[in-house]
Amino acid sequence: MVVREGDHRFSFLLEEGILRYRIGDIGTLAGQLGHLLTVMSLPRVSLGVIPFMAERRMWTIEPFMIFDEEQAGVELLSADVMLSAPNDTRL
């Protein structure tokens with residue numbers, strides 16, 4: 001598992017709703033939540049949850065990942081886009 005290898009640090013930010021979506025049966029949901037509990041206890045992993053009641057100033061349309069200052073990714077409906085140009089990754 002990548003989060004257990006090397007000197008990388010991982011920060012995950014989820015919306016509370018994603019923890020409640022039912023994709024699969026109750027056993028699948030329990031397994032997913034159990035995995036999150038295991039991973040978030042690792043020393044190089046931090047997990048944040050945006051609560052339902054958080055004030056919104058804007059809505060994120062597409063999910064995105066920031067790997068470091070040099071690379072980010074955006075998951076569009078039809079493709080995954082990797083960004084590596086400095087201006088794009090800053091945005």
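- In this structure, I26 is not a member of the same hydrophobic cluster as I23, with clusters built from ILVMFWY side-chain heavy atoms closer than 4.5 Å.
- In this structure I18 satisfies the side-chain contact (heavy atoms from CB on, under 4.5 Å) test together with L14, Y21, sequence neighbours excluded.
- Rounding to the nearest 0.5 angstrom, the gap separating the CD atom in Q71 from the CE atom in M65 is 9.5 Å.
- No donor-acceptor distance shorter than 3.5 angstrom exists from the side chain of R44 to the backbone of F10, with no hydrogens or angles considered.
- Using a 4.5 Å heavy-atom cutoff, the side chains of I50 and L13 are in contact.
- Nearest heavy atom pair, residue L29 against residue L19, reads CD1-O, 4.0 Å.
- Closest non-hydrogen pair, R20 versus F52, comes out as NE-CE1, 3.3 Å.
- A heavy-atom distance below 4.5 Å is found between the side chains of M82 and F67.
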